[in-house]
Visitor: 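I have a structure I would like to understand better, so I am pasting it below and will then ask my questions one at a time.
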Amino acid sequence: MSKPEINQTLDHLFRQEYAKMVSLFTNRYSSALIDQIEDAVQESLLKAAKLWSFQPMPENPSAWLYRVANNQLIDQLRRQNKSVAYEPQKQEIDSDSIQIEVEEGRLIDDQLRMIFACCHPSMKLQEQLMLSLKLLCGLSVKEIARALLKKEDAAKKAITRAKQKFKTEVGELSVPEGEAINERLEAVLQVIYLLFNEGYKATEGDELIRHDLCEEAIRLAFILTNAQNCHTGELNALIAMMLFKAARFPARIRKDGSLVTLEHQDRSLYRDDYIQWGWKFMHESSKEENTSVYQLEAAIASYYTVAASYEKTNWKVIFKLYDGLVKLKPSPVVKMSRVLVMSKVLGAQKALEAMLEIENETAELQSFQALKAELYAEMGDYESATIHLKNAILQAQNITEKRFLEAKLLNWKTPKSV
């Protein structure tokens with residue numbers, strides 16, 4: 001197996017197994033040992049990278065990772081003599097018992113308990129979100145900072161504080177009941193939402209879409225449907241939104257890895273099965289009397305996805321949906337998305353005027369510069385458009401997105417585009 005193939009396989013395994021392994025070992029041992037558990041899981045991946053570069057991958061690589069991580073954790077606990085949190089008889093657990101836990105579906109329950117543990121009420125909401133993205137999803141500090149529009153240093157400190165509270169306050173992992181589950185569910189849904197968004201448009205790297213993160217977000221949402229008190233209209237709407245967006249993935253990226261904008265996507269490539277499942281969950285969510293943020297976002301995503309063509313997109317309805325969404329969720333990203341749709345309904349000039357009103361909140365965002373460039377170009381002011389597009393290129397950390405913006409700039413410089 002070549003090095004790129006090994007890296008790709010390891011990356012897939014990391015995203016697929018990281019949360020499962022951390023959840024299993026935290027349930028088995030103790031929330032107080034979360035640092036040691038993370039170290040053991042990461043060490044198992046490092047060992048895999050070294051071994052599998054010169055010898056065949058085992059028939060069941062996931063089981064191999066679980067066994068190595070478990071042995072690594074036991075060795076750590078022996079060396080550190082964690083007698084309070086660590087019961088010596090657990091070192092007798094063999095690989096067969098780990099396999100049984102996985103095969104019997106206990107991992108679903110473990111992860112469900114872990115999801116709510118990461119959203120423990122002793123933590124502030126931002127700490128809950130950051131810790132969940134770190135432990136449940138394996139995101140880097142940079143990815144977490146981008147997802148929450150925070151500086152990296154602030155995100156790192158918040159994660160450290162949250163982990164300390166996790167170790168001292170959580171205790172035995174369990175799924176809360178009654179009102180307690182409702183208090184934490186909001187944060188849990190936000191975690192899944194942020195994870196999907198990071199996958200939908202990756203912060204950095206070669207790929208614009210991180211399919212593994214999006215799949216993980218959808219998987220975690222489906223795990224929540226196993227808890228009766230969690231199966232709410234908001235959860236159904238969130239699942240619908242993710243499915244409508246994921247349906248477009250096959251058309252968003254060309255075979256050469258370049259980005260395809262909504263206007264130029266081949267809609268015959270959209271996944272009809274995802275769309276049908278999206279409608280099912282959308283219908284379930286509509287049974288709730290109150291309109292939620294996730295319902296509005298799911299509705300917006302559905303209009304983008306099911307339109308027969310870009311030209312037939314119902315921009316007026318989408319604009320009205322954004323008017324409702326911005327009242328419930330007046331975030332910089334929502335406001336910018338509304339401005340983009342406004343340009344389709346009221347024109348680029350009105351949209352630019354609206355951008356002035358939100359500039360203080362959004363000027364530092366790369367997407368703000370890119371949108372402003374697009375609006376100026378639509379008005380024929382390529383000089384101003386070029387200035388903002390160059391700023392967007394400088395801020396872009398994702399290679400695919402940067403190349404797309406560079407190609408657009410090159411196109412604008414040609415006489416035919418002016």
Side-chain angles (χ1 to χ4, degrees), residues 13-48 60-123 127-128 130-139 159-176 180 184 188 191 216 219-220 223 226-227:
L13 278 173
F14 178 79
R15 297 298 181 184
Q16 187 181 54
E17 302 296 339
Y18 184 84
K20 296 177 184 177
M21 293 169 72
V22 171
S23 299
L24 184 146
F25 292 126
T26 305
N27 276 274
R28 168 178 287 177
Y29 293 97
S30 168
S31 58
L33 298 174
I34 190 61
D35 288 329
Q36 291 87 347
I37 290 168
E38 275 201 291
D39 288 344
V41 170
Q42 291 166 6
E43 182 64 25
S44 70
L45 289 162
L46 287 174
K47 286 186 176 182
N60 189 338
S62 298
W64 187 95
L65 288 171
Y66 277 69
R67 183 172 62 255
V68 171
N70 189 60
N71 292 340
Q72 177 71 20
L73 182 56
I74 289 171
D75 289 343
Q76 282 192 63
L77 297 178
R78 281 173 176 163
R79 290 195 300 270
Q80 297 170 10
N81 192 25
K82 295 287 184 178
S83 57
V84 175
Y86 169 54
E87 299 175 17
Q89 63 268 26
K90 287 184 175 177
Q91 63 184 279
E92 302 302 326
I93 298 173
D94 58 22
S95 59
D96 289 336
S97 67
I98 294 178
Q99 190 63 29
I100 289 171
E101 289 188 34
V102 177
E103 290 176 353
E104 291 183 352
R106 295 181 190 176
L107 276 175
I108 291 179
D109 292 335
D110 285 346
Q111 289 175 93
L112 196 56
R113 287 190 285 266
M114 189 68 170
I115 288 170
F116 284 99
C118 287
C119 296
H120 193 273
S122 65
M123 306 174 210
E127 293 173 341
Q128 293 174 345
M130 290 182 181
L131 186 66
S132 298
L133 292 171
K134 179 73 170 62
L135 297 183
L136 288 171
C137 314
L139 264 62
I159 292 169
T160 300
R161 289 194 302 270
K163 285 180 76 173
Q164 186 58 38
K165 292 177 182 177
F166 184 89
K167 289 187 282 188
T168 57
E169 301 290 338
V170 169
E172 184 178 351
L173 274 60
S174 63
V175 176
R184 298 197 209 179
V188 171
V191 168
E216 182 68 8
R219 189 186 68 82
L220 289 174
I223 285 177
N226 287 279

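What's counted below: heavy atoms across the whole structure, side chains too, no hydrogens, waters or symmetry copies.
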Visitor: Main chain of Ser23, side chain of Asn27: is a donor-acceptor contact present, judged purely on distance under 3.5 Å?
Guide: yes
Visitor: Between Thr26 and Ser31 (side chain of the first, backbone of the second, donor and acceptor by atom type, cut-off under 3.5 Å), is there such a pair?
Guide: no
Visitor: Is Gln128 reaching over with its side chain to a backbone N or O of His120, donor-acceptor style, under 3.5 angstrom?
Guide: yes
Visitor: Rounded to the nearest 0.5 Å, what separation is found between the CD1 atom of Ile37 and the CD atom of Gln42?
Guide: 12.0 Å
Visitor: List the atom of Leu136, the atom of Ala19, and the distance in Å for their closest heavy-atom pair.
Guide: O-CB, 2.6 Å
Visitor: Can you list the residues that meet the side chain to side chain contact (heavy atoms under 4.5 Å, CB included) rule with Lys167, with sequence neighbours excluded?
Guide: Ile34, Asp35, Gln164
Visitor: Hey, is the main chain of Ile223 close enough, under 3.5 Å, to the side chain of Asn226 for a donor-acceptor pair?
Guide: yes
Visitor: Rounded to the nearest 0.5 Å, what separates atom CE in Met21 from atom CG in Leu24?
Guide: 8.5 Å
Visitor: From Tyr18 OH over to Leu135 CG, what is the distance, rounded to the nearest 0.5 angstrom?
Guide: 6.0 Å
Visitor: Give, for atom CG of Asn71 and atom NZ of Lys47, the distance between the pair rounded to the nearest 0.5 Å.
Guide: 8.0 Å
Visitor: If every non-hydrogen atom of Ser122 is compared with every non-hydrogen atom of Glu169, which pair is closest and at what distance?
Guide: OG-CB, 3.5 Å
Visitor: Go through it in stages, so that I can follow the logic: the residues are Val191 and Cys118, the test is side-chain contact (heavy atoms from CB on, under 4.5 Å), and I'd like the CA-CA distance, side-chain angles, deciding distance and then a yes or no.
Guide: CA-CA 10 Å; Val191 168; Cys118 287; over 6 Å; no
Visitor: For Leu65 versus Ser44, what's the shortest heavy-atom pair and its separation?
Guide: CD2-O, 3.6 Å
Visitor: Under the salt bridge (charged side-chain N to carboxylate O under 4.0 Å, His left out) rule, collect the residues that match up with Glu38, sequence neighbours excluded.
Guide: Lys134, Lys163
Visitor: Residues in side chain to side chain contact (heavy atoms under 4.5 Å, CB included) with Val175, at least two apart?
Guide: Leu112, Arg113, Phe116, Ile181
Visitor: Partners of Glu127 by side chain to side chain donor-acceptor pair (under 3.5 Å), sequence neighbours excluded?
Guide: Arg161, Lys165
Visitor: Mind checking side chain to side chain contact (heavy atoms under 4.5 Å, CB included) for Ser174 and listing every partner two or more places apart, or none if nothing turns up?
Guide: none
Visitor: As an exercise, state the distance from CZ of Arg219 to CD of Gln111, rounded to the nearest 0.5 Å.
Guide: 4.0 Å
Visitor: Could you please spell out the steps behind the side-chain contact (heavy atoms from CB on, under 4.5 Å) verdict for Phe25 and Gln36?
Guide: CA-CA 10 Å; Phe25 292 126; Gln36 291 87 347; over 6 Å; no
Visitor: Could you measure the distance from the CG atom of Asn70 to the CZ atom of Arg67? Nearest 0.5 Å is fine.
Guide: 10.0 Å
Visitor: Taking only residues two or more places apart in sequence, or in another chain, which ones meet Ser62 in a side chain to side chain donor-acceptor pair (under 3.5 Å)?
Guide: Glu17
